[in-house]
Number of protein chains: 4
Amino acid sequence: MAERRSDTRQRIQQVALELFTEQGYDKTSLREIAERLEVTKAALYYHFKSKEDIVTALIEDMRGDVTEVVEWASDLPRTPEHRAEIVRHIPTVLTRSMPLLRFAQVNETALRDHPHGADLGQLMWQLLMLLSDEDADAEHQLRSVLAMAALMIGMVPLPIITAPAPERMGAAVKVALELVTGQIQSA
Amino acid sequence: MAERRSDTRQRIQQVALELFTEQGYDKTSLREIAERLEVTKAALYYHFKSKEDIVTALIEDMRGDVTEVVEWASDLPRTPEHRAEIVRHIPTVLTRSMPLLRFAQVNETALRDHPHGADLGQLMWQLLMLLSDEDADAEHQLRSVLAMAALMIGMVPLPIITAPAPERMGAAVKVALELVTGQIQSA
Amino acid sequence: MAERRSDTRQRIQQVALELFTEQGYDKTSLREIAERLEVTKAALYYHFKSKEDIVTALIEDMRGDVTEVVEWASDLPRTPEHRAEIVRHIPTVLTRSMPLLRFAQVNETALRDHPHGADLGQLMWQLLMLLSDEDADAEHQLRSVLAMAALMIGMVPLPIITAPAPERMGAAVKVALELVTGQIQSA
Amino acid sequence: MAERRSDTRQRIQQVALELFTEQGYDKTSLREIAERLEVTKAALYYHFKSKEDIVTALIEDMRGDVTEVVEWASDLPRTPEHRAEIVRHIPTVLTRSMPLLRFAQVNETALRDHPHGADLGQLMWQLLMLLSDEDADAEHQLRSVLAMAALMIGMVPLPIITAPAPERMGAAVKVALELVTGQIQSA
DNA sequence: GATGAATGAGAATTCATTCAT
DNA sequence: TATGAATGAATTCTCATTCAT
């Protein structure tokens, strides 16, 4: 009763996500994951049919959060005020998904030929499109890309930005707002 | 006279840079590079003592351009006007280095344990510091990171930004200026 | 009463025989057999103590038929007429065993080191010896081998022989008779 | 000068053919082949791009002999006399190819999904068709299959046939002739 | 300025098998 | 009468690297 159903499967996903992000998907061997979990490689294959499949599961798991925010935002009219609201909302709703987004960014090339890499790309694309339009001009598109980048940097530390998390997040939202509304924000 | 000094060495670097960027450093084998050049793997080892060493050479080759702009900018006083001038200057002086910067970005994890990966990081750091200060606040640091990101996106196409190169570059400079000067730019 | 004794055990044997013959013993994994039956691999181990053991059961099951014909024929005097009678008898009495004989032939190498592979070999040997003698000359031995081969080809389709089953069987018996009696048979 | 070109490649093929025939293709690991040759597994991969590829090379190597006899025989008119001539000719011209034919027969299932397994099948088919016709009746087709089988048994020892090689071959030719000409042969 | 032949280390994957429940 | 979870040993294959020529 105390045993959670398929504890191991969860732990594999978690450790894999950590290692894939830290060292890269290609540089991380299944041996390494297995050792870290103190199981055998074959145990990984009991739970996932391939290395790729671990990634697939990771993506599947987090798709929900993104879809949710996309659906919520899609109904909003495309006004600067609503874009601002979306920007403010994203950090709270996507916190749990951030590790995956970071993983995706760091493993860009490795995901290029992954069968579900495209899916991940699409998720990010949908996020971006919340702040812009497919037929907006280059500047608008660029602004929304940068706004999303700002939010990501706010949520996960970049070695270059030394400030503590809350301050970082505050700055990120502020700059992101400026980018999507085209207005300087007062602190 | 007819033979340029080490033609092959140049071709190796060029092909390697292409493949490393397209497919990732880890996913690109020396066999693949050799095949593309129609030489044997052993020939690569005549010119470079290891796979890592190709990267080292790549970095070495482009370091000059960056150093140059860094030196030029370092003498300028840290005013908004000069930061703007730097932003405007970067695209012209770094065009040749862009492929390498893109390579670095795309192979973040692979370069993490490369002996000269740190060097590349430092180059980018120096570039960033031209627009900011080590002891600036989080917002300032973030702004300069995003400004550099804007310029990079301007120079190399991101699948998401569909506009043609000149328009893309124009938008990039405009947004970058806005980010580093804190002022909305008029077209 | 409604449940036949060990239904599953029978189904495992049947599916295993099919797959072993189609794809070869080595190429057929227990996973595949289990999947085809929609049970787990562990279920196979409930019924058989090893993969080898499935083969053992298969052989055991069919030994009866062969033994029967061998015993019947052993009592007959070694005359051409009786050899002819044996040839004519074999197809009717061995029809049920044919799948196993085909399996044995197709998995010759795999059965070489099977503990009961020898048994199967012996069964075939006994069959052969019904038509020949251990101390017959090379030609006689060859004739009886070919006669048995003819009968087998008659019973199971070879891709090369396109005729429908009854015609095939008729031709097989005719040629087999000719081989063991040394006389051209009239249709 | 004393060094034969690619000695190793030849030795790999030879040892592989031996082991594949003795133990079966699937049961023979590259490790085993490598050990027998006192080289590393990787050396095999220098000479052949996969395990399959060794088989391909084997087939390629022997195709010539078969093609030759097929071409010679194709020009002959389809009379019983010529069929007899073909039967008599085959053992001399196919001696070198026999090991491969034996390999093919013993590894029937393993070759079923080999990309060049079909090729081998076709070679045998062509051989068969020299003694028969695509639209001959079942009996004729069966006779030529058995005649070829007889010749093969004559060339390679079957455990069941104990006679020494020359006698075996003599018997084989005799029986094969009888099968294709439909006439009892006098010794 | 190259090549041909080889290696050692390690990767992903598959398999038959076991055992507690 | 089964299953879920796991293992150990093996397999095919790839890679960066070396070295004599």
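In what follows, every heavy atom counts, from backbone to side chain, and hydrogens, waters and symmetry copies are set aside. Below, chains carry the letters A, B, ... as their sequence lines are ordered, and counting in each starts from 1.
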Return each pair, listed once, that meets salt bridge (Lys or Arg N to Asp or Glu O under 4.0 Å) where at least one residue sits in residues 103-112 of chain A; pairs must be two or more places apart or across chains.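 Listed by first then second residue: A/E108-A/R112, A/E108-B/R102.
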
Inter- and intrachain pairs under salt bridge (Lys or Arg N to Asp or Glu O under 4.0 Å), touching residues 115-124 of chain B, at least two apart: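 Qualifying pairs: B/R63-B/D119.
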
Using whole Å, report how far [atom1] of [X] lies from [atom2] of [N].
X     : N      : atom1 : atom2 : value
D/I12 : F/dC13 : CD1   : P     : 14 Å
D/L44 : F/dT11 : CG    : P     : 13 Å
D/D7  : E/dG4  : CG    : C1'   : 14 Å
C/E35 : F/dT3  : CD    : P     : 13 Å
B/R9  : E/dA2  : CZ    : P     : 13 Å
D/Q10 : E/dA5  : CD    : P     : 13 Å
C/L37 : F/dA2  : CG    : C1'   : 13 Å
C/I33 : E/dC15 : CD1   : P     : 11 Å

With sequence neighbours left out, write down each residue that passes salt bridge (charged side-chain N to carboxylate O under 4.0 Å, His left out) with C/E35, or none if nothing qualifies.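 With neighbours one apart ignored, the set is C/R31.
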
Which range-with-range stems can be found for DNA chain F when each stem has 3 or more Watson-Crick or G-U pairs in a row and both distances sit under 3.5 Å?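 Output for stems: E:2-21 with F:2-21.
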
Strictly distance-based, threshold 3.5 Å: is any side-chain N or O of C/N107 a donor or acceptor partner for the main-chain N or O of C/F20?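 Answer holds: yes.
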
With [X] via side chain to side chain contact (heavy atoms under 4.5 Å, CB included) - residues at least two apart:
X     : answer
D/E18 : D/Q14, D/E22, D/R36
D/R96 : D/D65
D/E52 : D/Y25, D/S50, D/H114, D/P115

For C/T28, which residues count as a side chain to side chain donor-acceptor pair (under 3.5 Å) partner, sequence neighbours excluded?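 Applying side chain to side chain donor-acceptor pair (under 3.5 Å) to C/T28 gives C/Q23.
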
Tell me whether the side-chain N/O atoms of D/Y46 come closer than 4.0 Å to OP1 or OP2 in E/dA6.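 The answer is no; no side-chain N or O of D/Y46 sits under 4.0 Å from OP1 or OP2.
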
D/H47 side chain N/O closer than 4.0 Å to the phosphate oxygens (OP1, OP2) of E/dA6?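 Yes.
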
Classify every nucleotide of nucleotides 15-21 of chain F by which part a protein heavy atom approaches to under 4.0 Å, writing B for the base, S for the sugar-phosphate alone and - for neither, in 5'-to-3' order. SBBBB--

First locate atom CG of A/L58, then atom CG of A/L17, and finally report the distance between them rounded to the nearest 0.5 Å.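 These two atoms lie 5.0 Å from each other.
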
